[in-house]
Structure formats: structure tokens, C-alpha cells
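Before any comments, here is the structure.
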Amino acid sequence: MNIEELVRRSADEVASNLLPPDTDPATIRTAARRTSRRRFAAAGAVLAVGLLVASLLVNQHRDDDPGPSPVPTPSPVPFQVDNAPVWGDVDGIHVGDDHHPLPAGLELRVLAPLANGVVFGDSVGQVWFQPDSGDAVQIGRYEPRMLAGGEGTLAAWMERVGGSLELVVFDTAVREEVARSRARGGNLAPDGILNGDRVANPGPFFHVGGGLVIYGSQSSSWAYDIAKQVHRELDRDLPYGQPVDHAPGISAQLNVSLEWDAPNFFSRTVTFWVVHEGPLSSAVGVEPSGAFNHAGTRFAAVVDVAGGRHHVVVVDVGTGRVRVLTPDTRLSTLMSWGRGDELMVQQFPVSGERGKDRLLACAVSRATCRPVAFAGRVPMLPVA
Amino acid sequence: MRHGAEEEFTAFVHAQSASLFRTAYLLTGDHRRAEDLLRRTLVKVCLHWPRVSAMEQPRGFARRVLVHEVVSLWHRRPSEGPPMVLREGDSASRVVWDAVLTLPPRQRAVLVLRHYEGLTGAETADVLGIAVGSVESHAHAAGLRLADLLAGRGSAPRTEGAA
């Protein structure tokens, strides 16, 4: 008897010996009504809290007493090079036509574009800031992969201090650390982050934006309020298969169906969890491989299609709208989200022919991609 | 819920609860946890019943919800380790299933969906939200691991082609 048959027979026998519980449909209906009411009440409570906070803020302004701010406000540096594609490869950092070689002897490991440059991590655990013009400067040390940049000029990373991890928030505009706090949740070592077997190409569950750093392990998710310097655990336990609930502070599990009419597309379902906190969201588990943009409003994924080829699709998290960026016959790999809505994609011919790789900068809102000149050496960074 | 829909839902619960419970048990190896998963699944099905009842295969939807509930459980409580095994005799099937329950969750889920629920590779991939290739690789890895585990117990199954 082969393994399959053995498993089949065992499953049938074990299952047939079970005594299923009595399930009362009326009890289920009552529980469903209670759940429905609780969701409604939670949404109302969130709305009420939002209104209260807004009211307090308005009153604060009326009193003309803003009070002490615990951290400097991140500088709103405008984009100096609109939508310049940003990527890294073995030669260093590329921002549009500008090339910034890495400091001697270092290799790039993770990269995140900022409004005023790029923050990146190297192979020996150092964090660097590469401004749009000028030389890279070391600004800290990080745990592998646990480095993120957000909108504006803020970067965040985890630094190991003694036996624990500290969350560091750094404003590259003023070149200062603006917050530091011991990380919560435990099991945040790189192997503990998104190491589920459903995540094929995980970016760390680590995002900064909207005044928050969102981080977590498989067992818990946290929002760190940069201004208040407090951590708050986020709720992951919300219903399956519903559109994302946009109420601040509410997490949701999002189920997006990807379907096309084109015969070569598989009808696929992308299921991932979203932890919402203001405008930011992030994946906890993702299949197929993919990554949110820095704002957390879009999710890019590589989807298998017939013949072992891939397509890169982008899902608008709020609406579920899907854009197909690379409807052709090549193998595609996500590289990184750039500034604005640009997504960098690397493509290979199915034949595996050398020298035919290409690098695309895709404008998601227009669902168009354009080739970017590169030296022909394989871009190396996975999605940050 | 309108009266007709209530009757339909009641019929659905009566017809499918036992089967869904068995799947939940095979996925978790824990009677109490399987009961809880069944209840959570049915509540969610009830919440969406008008839409679910219009589907060609409402049970397929319920199974998908159930599997996602199980996956959520794994994500929320990864530290709980392998599921508790309730020994109910040492039949050969029980020994095999004890071994199945020590597999990583995704491999276990693939085995249950393929060999108990009778889904194809593509259907399994769809329910789990993973690529078909991933299903195959999980199934392959599970087979190798099971063969090792059962060989260690002295009851190694013969694989196809083996003497």
C-alpha cells in the first residue's frame, strides 16, 4: 500500500469513528446575530472615539496651546525627483539615472526609498542613509531584514541590544533618532517573522508610516505610536472573507479574488491579513508572494499563470480592484516599491536565455511599465 | 434572515455539520478545538447565508472558511505546537494519523484536503490560497516525512514500486 492510500484509509477510519457534536442551527443563528451587533457597535465606538479625538484636537487649536511635542515633526521634504525609479543591485543604489556605489566591501541586503534619499541595510548589519545627493552615512545597526522606510523621511529598524530588540525610529531629514523603545511581542527574530510556509517571498512584517511603526511576529502584531512612544497590540481576529474595514485601529482579514477573462489566467484567490492602523496596512501571511507599498494601500503580487510564467498584479486594498502590470510571457520577480506608486519589476525570458533580463519601472495608477536601463548585472534585492 | 432562508440554513447545518467536524478534527487532532472551529465556521456561513445559499456549492464555501479558520489558528497560536492527540486505541489507522498530526500544518492540510476531502491539486491550492506547485511540494514532503516517521515505528508502508 502506498503512502497516499495509507493516508486515505487512515483518514476515513479515524473520521468514521468520531462522534460529531450536536449542532443547533438556532444557536448558530443567535451567535451570528450577536457577532453582527458587536461589529456594528465596534464600528460605532471607533467612530465615536474618532469624533472625540477630532473634537479635542480642534479645541486644542482654539486654545492656541499645542503643548510640548515629544519628538520633532518629520520634515515634509518634497520629492526631488518625481517617480524616479529606485532599485539596488550589485553595483549599489540607483535613483533614476543617479548611481550611488556602496561603501567599499559592503553588500546590499535591504533597501527602502524615502522622500529625500534611500535607507539601506548592508551585509554586516549596518544601516545607511544615502541622500539624493552626497555620500552615504551610517546611521545605525539593524537585525537582518528588519528595516523599513515610510512616506516622508522616517526610517525604522530593529536593533539588538543585549538579549532584546529595540525599535529605532530615525528622521533622515534632521539626521536624528526620534524614538527608541523595546519591541513587544517576543519571537521577533528574523526567523520568527513571517516564516510561515504560505509566504513564498516574505518581506518582514515591518512598516513605518502615518506616525506609526507596525511590526509583529506570527503570534502578535503591534503598532508603535512614534509621537506618544507607546506600543499597542493590534487585533487580528476578525472575520474571514470580508472587504477591509477602514475604521482606524481595526484589523481585518482580507480576501481578494483575482479573476480575469483572459484564458491563460488562472482564477486565483489572494488571501492575506491586513492590520489596519490609519492608512497603513501590512501583510501577515501572503500567498502568492508579494508586498504592500509603503502607504499600505496597494499590494503587489506575483501570480502563476500557465506554462510556469508569472504576472505581476497590484490589488487596491480598499476596493479590491486588480491591475495586471505585466501581461506578457516572461517570468517576473518583484523587486521593490519605489517612491510614489512606482513598482520595480525584474523579468526573465522563460527560455532562461542569459543577457535577456530586463528591469521595469511600473506606474501602478496607469498600469504601464517602462524598461529601465541597467548594466545587465542581475538586480539582487528582494522586495523590501 | 427570512423564514425560507432560515429553513435552508437549518437544513445545511444538519446536512454538513458532521462532515465539516470530521475535517476539522483531522486537521487539528483535537475534539474540542474541532468543535470550536465548526461553530466559528457555521457562524460565518450564517452571516453570509444569502450569498452562500446562492452558490453552486455552499459546502465548498464552508470548507474554505473552515480551513482559513484553522490557518488563522496556526497563525495566532503557533506556540501551541503540534495538536493534542487523543488516543482511542492503537489501531493501524490511528498510528498513521498520529504521524500525520506531527507534520507541519500546511502539509497536514494538503493531505486532508487531497486524501480525505478528495480535492484535486488545483482545488486544494484554491482552498489553501497557495500555488498548485506548492501543493505538490507539500504533498511530496509530507509523503517523505510520513514514510520516515512510520519506518521509525516499525510499520513502514511500502512505496509504489518497492519490493
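Below, read A as the first sequence line, B as the second, and so on, with proteins coming before strands; counting in each chain starts at 1.
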Could you check whether any side-chain heavy atom of A/Thr23 comes within less than 4.5 Å of a side-chain heavy atom of B/Phe21, counting everything from C-beta outward?
no

For the CG atom of A/Asp22 and the CD atom of B/Glu35, what is their distance to the nearest 0.5 Å?
9.5 Å

For B/Arg145, check salt bridge (charged side-chain N to carboxylate O under 4.0 Å, His left out) against everything at least two apart and list the hits.
none

Are side-chain heavy atoms of A/Pro21 and B/Leu38 found at a separation under 4.5 Å?
yes

To the nearest 0.5 Å, what is the distance between NE2 on B/His140 and CD1 on A/Ile3?
11.5 Å

Name all residues meeting the side chain to side chain contact (heavy atoms under 4.5 Å, CB included) criterion together with A/Glu4; count only those two or more places apart in sequence or in a different chain, and write none if there are none.
A/Asn2, A/Arg8, B/His115

Between A/Arg29 and B/Thr10, is a side chain to side chain contact (heavy atoms under 4.5 Å, CB included) present by the stated rule, with each step listed?
CA-CA 9 Å; A/Arg29 277 195 294 271; B/Thr10 297; 3.1 Å; yes

How many angstroms lie between atom CZ of B/Phe12 and atom CD1 of A/Ile28, to the nearest 0.5 angstrom?
11.0 Å

Closest non-hydrogen atoms of B/Tyr25 and A/Val14, given as atom of the first, atom of the second and distance, are CE2-CG1, 3.8 Å

Minimal heavy-atom distance between B/Leu26 and A/Ala15, with the atoms involved, is CD1-CB, 4.2 Å

Atom of B/Ala18, atom of A/Pro20 and distance for their closest heavy-atom approach:
CB-CG, 3.7 Å

State, yes or no, whether a side-chain contact exists between B/Leu150 and A/Leu6 at a heavy-atom distance under 4.5 Å.
yes

Over all atoms of both residues, closest heavy-atom pair of A/Leu19 and B/His31
O-NE2, 3.5 Å

Between B/Ser93 and A/Glu13, what is the shortest heavy-atom contact and its length?
OG-OE1, 2.8 Å

Specify the closest pair of heavy atoms between A/Pro25 and B/Phe9, including all atoms of both residues, with the distance to one decimal.
O-CE2, 4.1 Å

